[in-house]
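These notes concern the structure reproduced below.
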Amino acid sequence: MSANTRIVGAAKSGLAVQKAFIAILLLLLAMVVVNMFPETKNNFFSEANFVNVLKSASIFLILAAGETVVLIAGGVDLSIGGMMAFSGV
C-alpha cells in the first residue's frame, strides 16, 4: 500500500467523522430550537416524555438487535419488513 493511498483513506475517514459530528450538532440544535417554544418547554425534557419515547421505540430496538446479530453473522434477513407489517406495527 503506498503512502498516497493511506493519506486518501485517512482523509475519507476524517470526512466521515466530520459529517457525523455535524449531524449530531444539527440534531442538538433542533432539540434546542424545539425546546424554546413555550408549549414544549415544560414537557420536552421530562422523565415522562423520555419513558414515552422509549416505550414507542422498544419494538424497533428489539428488531434492530436481532437484525444486528444476523448481519454480523454475514447473512441478510429481509423478513423484518414483512414481520412488522403483519404484526400491525
Side-chain angles (χ1 to χ4, degrees):
M1 182 184 295
S2 69
N4 192 19
T5 306
R6 282 183 277 174
I7 292 172
V8 170
K12 285 183 180 179
S13 66
L15 184 62
V17 170
Q18 286 179 345
K19 285 183 179 180
F21 183 71
I22 290 173
I24 291 171
L25 282 178
L26 287 174
L27 180 67
L28 290 174
L29 179 67
M31 289 173 64
V32 168
V33 168
V34 167
N35 197 28
M36 293 174 112
F37 295 118
E39 58 270 2
T40 62
K41 192 167 192 145
N42 296 331
N43 299 327
F44 187 67
F45 287 112
S46 67
E47 182 182 353
N49 189 35
F50 184 70
V51 170
N52 189 21
V53 168
L54 284 179
K55 283 181 181 178
S56 298
S58 64
I59 187 71
F60 298 114
L61 293 173
I62 293 168
L63 290 172
E67 185 66 20
T68 301
V69 172
V70 170
L71 290 175
I72 288 173
V76 176
D77 182 18
L78 300 177
S79 65
I80 285 190
M83 289 172 59
M84 288 178 61
F86 286 122
S87 65
V89 174

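A quick note: this is a predicted structure, and the numbers were derived from the prediction, not measured. Side-chain atoms are counted along with the backbone in the values below, which use heavy atoms only and exclude waters and symmetry mates.
Separation of atoms CD1 (I72) and CD (E67) is listed at 10.5 Å; rounding is to 0.5 Å. Note that the CD1 atom of I22 and the CD atom of Q18 stand 6.5 Å from one another [nearest 0.5 Å]. Here the OG1 atom belonging to T68 is positioned 10.5 Å from the CG atom belonging to L63, to the nearest 0.5 angstrom.
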